[in-house]
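Worksheet: the structure to be examined is printed underneath.
Predicted model, so just to flag it, every value in this text is computed and none were measured.
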Amino acid sequence: MRPATAAPILATHMTIRRLPPETVNRIAAGEVVERPASAIKELVENAIDAGARSIEIQADGGGLTRILIADDGKGIPRDELPIAIERHATSKLEPDDAGDVDLLRIFTLGFRGEALPSIGSVARLTITTRARAEAGRPQNDAWAVSVEGGAQRPLSPAAFPGPHGARVEVRDLFYATPARLKFMKSERAEAMAISEEIKRQAMAHEAVAFTLTLDGKTTLRLPAEHPGDEGRLKRLGALLGRDFEANALLIDQERDGVRLSGYAGLPTYSRGNAAHQFLFVNGRPVRDRLLQGALRGAYADFLARDRHPAAALFIDIDPLYVDVNVHPAKAEVRFRDPALVRGLIVGALRHALHAAGHRASTTVAADALSGFRPHTGEALYNPGATQTFGAAAPGWSGWQGWSQPDAAAQNLPGLNERSGRVEHTWSGEAAAPSFRTLGEIQAEHAGQITPGASAPVDLIDYPLGAARAQLHANYIVAQTRDGLVIVDQHAAHERLVYERMKAQMADGAVTRQALLTPEVVELDPAEAERVAAKAEELAEMGLIVEAFGAGAVLVRETPALLGDTDVQGLIRDIADDLSEHGAALSLKERMAEVCGTMACHGSVRSGRVLSAPEMNALLRQMEATPHSGQCNHGRPTYVELKLHDLEKLFGRR
C-alpha cells in the first residue's frame with residue numbers, strides 16, 4: 001500500500017488582521033521566555049540594572065510553580081509601575097534632545113522592554129516595589145501591581161520589607177499557554193538550568209550578593225566581593241572550585257578600545273568538555289562561536305583535540321561596536337570588527353600562557369598523591385624469597401615496578417642516612433634494579449666532567465631542582481629545596497623541540513640537515529599526493545619532500561632539531577594529519593599538529609638512559625622554556641610533590 005499523505009493546503013484568500021494584544025504578548029513571550037531560567041535571567045538583569053547590591057532568587061517546581069526575585073535596587077516609582085508592564089516600555093534607553101533613541105547605545109543589560117509584559121501574558125505576575133526616596137520624591141510608600149494571563153489589575157498599597165527595592169513573583173508559568181508546558185523538561189532539569197544561569201550572572205557581577213533557593217533549600221549563597229580582579233577571582237573560585245582559583249592566569253589586555261579581562265586555566269588544568277568556559281560582553285553572559293573559537297585557537301599549541309580549556313573571559317567594548325539586539329534572549333552578539341576581538345583574545349591568552357613559563361597546575365600533584373595508598377598491614381616482603389616492589393607486593397599501590405633496594409641505593413640522599421646502610425636483608429638472587437642513582441650515573445660518565453672542575457652547587461634551589469635518579473629509563477627524579485619533582489623525559493623534551501621549532505619558523509630560519517641517502521616513503525596514492533602538494537609549506541618547517549612516482553614521496557632533508565629521526569614514521573604521521581584536516585586547509589593553519597608530530601619524532605625517547613649532566617640540562621632547559629609544564633598534547637611533563645605532601649603521605653602531619 002502507498003503510505004498516506006497529508007492533504008494539500010489549498011491556496012485561498014486570507015484576510016489580513018491585527019492580532020489581539022494578548023496574542024501579540026504571548027508571541028513575544030515565546031521569544032523572550034523560553035523556559036523558567038529565561039524568565040529568571042530577565043528579572044535578575046532588571047535588578048542589576050536597578051543598582052541592586054543583593055539579589056535573592058527563589059524557585060519552586062523547577063520555576064514552573066513559583067519564582068521570586070527580590071532585590072535592594074532603587075525600586076519603581078508608583079506612577080511608573082503601570083507603564084513597566086506595558087510592551088516596549090523601558091527605562092534602559094535614553095532619548096537624545098530630539099527625542100530619538102539610538103538602539104546601538106545600550107549601556108544596560110535589559111533593553112527590549114518585553115520581559116515583564118511577556119511574563120505577565122503567560123503567568124500570574126505580581127510586582128511589589130518601594131522606590132528609593134530622592135529629591136523631589138520624598139515619599140517612598142510601597143505599591144503592588146498584578147497581571148494574570150495579560151489582564152492587569154489596579155495598583156494597590158503593599159507592605160515591603162526593606163527601605164527600597166522590588167520583589168517580582170511569578171506563579172504558574174505558562175498556565176495561559178499550556179502547550180508550552182509540553183516542551184519543558186523535568187523539574188530537576190529546569191532547576192539545574194536556573195542554577196547555571198545564576199552562576200553566570202554571579203560571575204559577571206562580583207560586587208552583587210546572590211542567594212539561590214530551590215524548593216525551599218538554599219543551594220547558593222555568595223557574599224558581595226570587592227570590585228576588581230581580586231574579588232572576581234574569589235567569586236570564580238566559589239563557583240568553579242578552589243582548583244580553578246589556584247590554577248587560573250590573570251588576563252588583562254586592551255587593544256583599540258576593546259578590553260579583555262578575566263581568568264584562564266593552565267593547560268594542565270583542562271577539562272573533558274567546554275562546560276567550564278564562560279564568556280561575557282559588557283557584563284552579558286553570551287554563547288558566541290567567534291569567542292569560543294578564539295579561546296580554542298589560543299590553546300591549540302597546548303591541548304589535545306579532546307581537551308578543553310577552563311576560562312571566564314570578560315570583554316568590555318563601546319556599545320557602538322557591538323550589536324546586542326541580534327537575539328531575543330540576548331544570548332548572541334555581533335561585533336563590528338570580529339577580527340580585532342578574535343586577535344585580542346588569542347594574543348592575550350597566549351601572552352598569559354607564555355608568562356606562566358613551565359608552571360603546571362596544582363591538580364597534577366593532587367592527582368599523583370591520590371595514587372598512593374599508605375600501607376599499614378602485613379609486611380611488604382616475605383623473608384626467604386626474592387622480592388620486588390610492585391604489583392605482587394600486598395597492599396603496595398605506588399611506584400610499581402621499582403626493583404628492590406640494593407647497596408647502591410645508599411647514594412640517594414635521605415635514604416638510611418642515619419645508619420648508612422640498607423636495613424633489610426634479602427635472600428635469593430637480587431633482581432636487576434630498574435632505577436639508576438645519580439652516583440652510579442656520575443661514575444659511569446665521569447669522563448664527561450672536566451677534571452678539576454667543581455660539581456654544580458645548589459642545584460636544588462632551581463625551580464625543578466637537581467637530578468637524583470632515573471626510573472625505568474624514562475622518569476627523572478629531582479630534589480628541590482622543599483620537595484621533589486618527577487619528570488617525563490620524553491614529554492618534556494618534546495615540548496622543548498616544539499618550542500625551538502616554532503621560534504625558528506617565526507624567524508624564517510629552520511635549520512635543515514641533508515640525508516646521506518634520500519629516503520623513499522611508500523604511501524597510499526592519495527596520501528602521497530596530499531604530502532607532495534604541501535611540499536612548499538613543509539619546506540618552511542625544514543622538511544624537503546618531493547613526489548616520487550605514484551604512491552611515494554622522496555625525503556631529501558629533515559629539520560636539524562629532529563636529529564636522527566624515523567623518517568618513514570614521520571612522513572606517515574604527517575600524511576595522517578593532512579588526511580584528517582582536509583586538503584583544503586592550509587598547512588600553516590595546522591602548524592601546531594604538524595610541528596607537534598615532528599617534535600614527537602625528534603624528542604628524547606622513552607627508554608633512553610640519560611647521564612647526570614643530560615638530566616640536569618633537560619631540567620634547566622625546561623625552566624627557561626615557556627609552556628614546558630605540558631607536552632604538545634596537554635599532558636603534564638612533570639609532577640611536583642612538596643615536602644608537606646610527602647609528610648602527609650607518611651602520616652607525619
Side-chain angles (χ1 to χ4, degrees), residues 200 203-204 229 232-233 236 240 244 247-324 326-327 330-356 498 502 506 581-582 584-596 626-627 630 632-634:
R200 284 192 288 269
M203 289 181 197
D229 294 332
R232 175 179 285 174
L233 181 59
L236 292 174
L240 301 180
F244 178 84
N247 296 289
L249 303 174
L250 175 64
I251 310 296
D252 193 354
Q253 288 205 13
E254 186 172 344
R255 183 185 302 173
D256 296 339
V258 183
R259 183 189 177 207
L260 177 70
S261 60
Y263 290 89
L266 289 164
T268 44
Y269 183 75
S270 60
R271 318 294 291 187
N273 54 45
H276 277 60
Q277 295 177 6
F278 301 91
L279 305 168
F280 306 84
V281 176
N282 290 346
R284 304 172 186 273
V286 297
R287 294 183 296 272
D288 187 271
R289 291 183 180 179
L290 169 71
L291 303 182
Q292 290 173 330
L295 176 59
R296 182 73 177 168
Y299 280 80
D301 276 7
F302 316 109
L303 294 179
R305 298 183 186 93
D306 60 345
R307 302 300 296 177
H308 302 264
L313 301 178
F314 303 81
I315 295 175
D316 294 297
I317 185 172
D318 189 321
L320 285 175
Y321 295 97
V322 59
D323 186 358
V324 296
V326 297
H327 191 277
K330 299 172 289 185
E332 299 175 4
V333 295
R334 182 181 296 125
F335 296 99
R336 179 178 293 184
D337 189 352
L340 169 63
V341 177
R342 188 185 191 283
L344 174 61
I345 293 174
V346 174
L349 287 173
R350 288 184 175 173
H351 176 78
L353 292 170
H354 185 276
Y498 178 49
K502 283 200 307 180
H581 300 145
L585 292 176
S586 168
L587 188 60
K588 291 180 181 179
E589 295 177 359
R590 298 298 183 183
M591 183 195 72
E593 285 86 350
V594 176
C595 277
H627 322 308
Q630 61 277 322
N632 306 335
H633 312 292

Do Glu254 and Leu260 come close enough that some side-chain heavy atom pair is under 4.5 Å? no
Might you point out which heavy atoms bring Ala310 and Arg271 nearest each other, and give the distance in Å? CB-CG, 4.2 Å
Compare every heavy atom of Leu279 with every heavy atom of Asp288, then report the nearest pair and how far apart it is. O-CD1, 4.4 Å
Quick one, Met203 and Phe280 - any side-chain contact, counting heavy atoms below 4.5 Å? yes
Is Arg342 close to Leu290 at the side-chain level, that is, under 4.5 Å between some pair of heavy atoms? yes
Could you pull out the closest heavy-atom pair between Ala274 and His308, with the gap in Å? N-CG, 3.9 Å
Quick one, Tyr269 and Phe244 - any side-chain contact, counting heavy atoms below 4.5 Å? yes
Can you check salt bridge (charged side-chain N to carboxylate O under 4.0 Å, His left out) on Asp252 and Arg259, steps first, answer last? CA-CA 7 Å; Asp252 193 354; Arg259 183 189 177 207; 3.0 Å; yes
Measure the shortest side-chain to side-chain distance between Pro309 and Leu295 over non-hydrogen atoms and say whether it is less than 4.5 angstrom. yes
Against the six-membered ring of Phe314, is Arg232 placed for a cation-pi contact (under 6.0 Å from the centre, within 45° of the normal)? yes
Taking all non-hydrogen atoms of both residues into account, name the closest pair between Leu233 and Ala248 and its distance. CD1-CB, 4.3 Å
Would the distance check show the side chain of Asp318 and the main-chain N or O of Tyr321 forming a donor-acceptor pair, the cut-off being under 3.5 Å? no
Do Leu349 and Ile345 make a side-chain contact, defined as non-hydrogen atoms from C-beta onward lying under 4.5 Å apart? yes
Does any non-hydrogen side-chain atom of Tyr263 lie less than 4.5 Å from one of Ile251? no
Just so I know, are the side chains of Phe335 and Asp323 near enough to count as touching, which here means a heavy-atom distance under 4.5 Å? no
Between CZ of Arg296 and CZ of Arg307, what distance do you get to the nearest 0.5 Å? 10.0 Å
